[in-house]
Number of protein chains: 2
Amino acid sequence: MATGRTHRPATRSRGIPEATVARLPLYLRALTALSERSVPTVSSEELATAAGVNSAKLRKDFSYLGSYGTRGVGYDVEYLVYQISRELGLTQDWPVVIVGIGNLGAALANYGGFASRGFRVAALIDADPAMAGKPVAGIPVQHTDELEKIITDNGVSIGVIATPAGAAQQVCDRLVAAGITSILNFAPTVLSVPDGVDVRKVDLSIELQILAFHEQRKAGEEASAPEEAAGAVPPPPVAPHRARPGAPGAPGAPGADSGRQGPDGDVPAVMPA
Amino acid sequence: MATGRTHRPATRSRGIPEATVARLPLYLRALTALSERSVPTVSSEELATAAGVNSAKLRKDFSYLGSYGTRGVGYDVEYLVYQISRELGLTQDWPVVIVGIGNLGAALANYGGFASRGFRVAALIDADPAMAGKPVAGIPVQHTDELEKIITDNGVSIGVIATPAGAAQQVCDRLVAAGITSILNFAPTVLSVPDGVDVRKVDLSIELQILAFHEQRKAGEEASAPEEAAGAVPPPPVAPHRARPGAPGAPGAPGADSGRQGPDGDVPAVMPA
DNA sequence: ATGTCTTTGTGAACGCGTGCACAAAGATGG
DNA sequence: CCATCTTTGTGCACGCGTTCACAAAGACAT
């Protein structure tokens, strides 16, 4: 999963647990597929399999929405599609703006999954004057100067940030000041926002790093049990206290030291992102 | 957050909780920034603020890695960067393949955050013969036919799927058969994989839907407390049992029925994604 | 109408993650 | 060497999320 939330941690949303809310789109997608195949009803078991969860969880999730099933039969597909759509707020139109029309921003603008769920790309915004007027995904890019006007004119409340990390916080501040209350952030930065503004984060490199962790673990344990071989045991944590200028106690940190290498013999590679 | 894991749910990874693992990249990023500014040490409080978490959580997370801090002083930045990098497996080189070079795939290929963390884009793969040979981000796209060969020749263990939903499972199966054991999936589908293969999912439209849910809630509660006004109360769940052909008890499902509309008077808008 | 069979809805137990609060460790100054 | 002050590391309690397991509800056949 590619998410981290900066939500109001405590406030339970109208009794529907956050974890359940996060799964509703999953159920909705599975139900929509069934609906297209004109399947009238599904059991919790079938639907759970299609959504990739276990059936007890699914039933409990649905129980927060109400008693929409029929015992002995299952759930009416069309009815449930509607109920979940309504609960998620997809029965209304959500204009969104995308800020930062680079490779990623352009890809997002072209992404079909947005428009198909009631999300309408109201505007594309970029700081580069050379981009202004140029159409991306059929929508002309507008300059950052117009940001506030665009948001208020279109009544936009959801913003997508796809700028470089350095510009993200500044863009975020302007979005919030202009009235945006929900932000989907693709820039690799921690955004700080006032209370009442929701931020969700999608970080591509973090996902890969998590995979790498597990991958390393797999590789390590298949090479027999006590794989403490290639530099797995850290040097004893001797008093660090500013170990910078080649101090004797300095552990093999990357860059300065030679020795320490991965099994493949490559440099540690740590850089901004 | 944009993630859902299809991990082995029970198996705790060498004592490091999954939630902690997911935060390590966050800490690493903050630490790297400090390192670039040549800051020698940080307190848990400072680092926690930079990473957007609370300091107790950060200290507990680090305690799973070992006792790398110095009481009264804080953490040595360089040392910690190295330790976290090593724990995440970033001290070695991870070749990855990206399958599906559409808008999103191309954006991923160009994304700097990959290369900068030890992830090397070993190959770009697409099913379209017209794409073959065309360079994207300086790397020539190769045809799907080469998939197995590319993976085995380069010893790739991490694959990124950026294909349309329809092709994802098939691509996934081929990747797994070829030896891939970690998959980052951008296609809006549930992938089924054998045990031992990790899948992480990044779903752009799901993130927006979650935001929409909270957004709707905000809008609803600011319009005074008992906002049960515009169609919030569902019709009583009368026995559905295949209520399809205009049966009398059929609730206001979208498409068939008229009535039932959002406050904005728009159609429910539910489609594939 | 009655019985059987299927499937939902949920009470209860369990486990993980979070946050508090404090004791221990060590640095720093006298 | 001792006192003070800062900051880590962690024991503990709490709450959320997951899963089990089963009673209740209803469909369906007879």
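In what follows, chains are A, B, ... by sequence order, proteins preceding strands, each numbered from 1. All values below come from the heavy atoms of this structure, side chains included, with hydrogens, waters and symmetry mates left out.
- Taking atom CG on Asp76(A) and atom P on dA27(D), their separation rounds to 13 Å, with Å as the unit.
- Annotation: side chain of Asp203(A) is in contact with side chain of Arg29(B) (closest heavy-atom distance under 4.5 Å).
- A salt bridge (charged side-chain N to carboxylate O under 4.0 Å, His left out) check over residues 42-64 of chain B, counting only residues at least two apart or in different chains, returns the pairs Arg23(B)-Asp61(B).
- Distances shown here put every side-chain N or O of Lys60(A) at or beyond 4.0 Å from the OP1 or OP2 atom of dT10(C).
- Contact annotation: the side chain of Leu58(A) approaches that of Leu47(A) to within less than 4.5 Å [non-hydrogen atoms, C-beta and beyond].
- Residue Ile206(B) comes nearest to Ala22(A) through the heavy atom pair CG2-O, 4.2 Å, listed as atom of the first residue, atom of the second, then distance.
- Distance CZ (Arg23(B)) to C1' (dC16(C)): 12 Å, rounded to an integer number of Å.
- Among Val193(B), Leu191(B), Val190(B), Val160(B), the single residue meeting the side-chain contact (heavy atoms from CB on, under 4.5 Å) criterion with Asn185(B) is Leu191(B).
- Between the CZ atom of Phe62(B) and the C1' atom of dG9(D) there is a distance of 13 Å, rounded to whole Å.
- Across Tyr27(A), Phe62(A), Tyr79(A), a single residue satisfies ring-ring contact (aromatic ring centres under 6.0 Å, His included) together with Tyr68(A), and that is Tyr79(A).
- Residue Leu47(B) contributes atom CG, which lies 13 Å from atom C1' of dT8(D) at whole-angstrom precision.
- The end-to-end axis angle of the helix from dA1(C)-dT30(D) to dG30(C)-dC1(D), rounded to 10 degrees and based on five pairs per end, is 10°.
- In this structure, Asn54(B) atom CG and dG17(C) atom P are separated by 16 Å, rounded to whole Å.
- Atom CD of Glu46(A) and atom P of dT6(C) are 14 Å apart (whole Å).
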Table of protein N/O atoms under 3.5 Å from nucleotides 2-7 of chain D N/O atoms:
unit_1: dT7(D); atom_1: O4'; unit_2: Gly72(B); atom_2: N; d: 3.0

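- For the pair Tyr79(A) OH and dT8(C) P, the computed distance is 16 Å after rounding to whole Å.
- Arg59(A) has no side-chain polar atom (N or O) that falls below the 4.0 Å cut-off from OP1 or OP2 of dT18(D).
- Rounded to an integer number of Å, the gap from Lys57(B) NZ to dA13(D) P is 21 Å.
- Val42(B) is not listed as a side-chain neighbour of Asp76(B), based on a closest heavy-atom distance of 4.5 Å or more.
- Under the 4.5 Å side-chain criterion, counting only non-hydrogen atoms from C-beta, Ile84(A) is in contact with Leu31(A).
- Considering only heavy atoms from C-beta on, Phe186(A) comes within 4.5 Å of Leu204(B) through its side chain.
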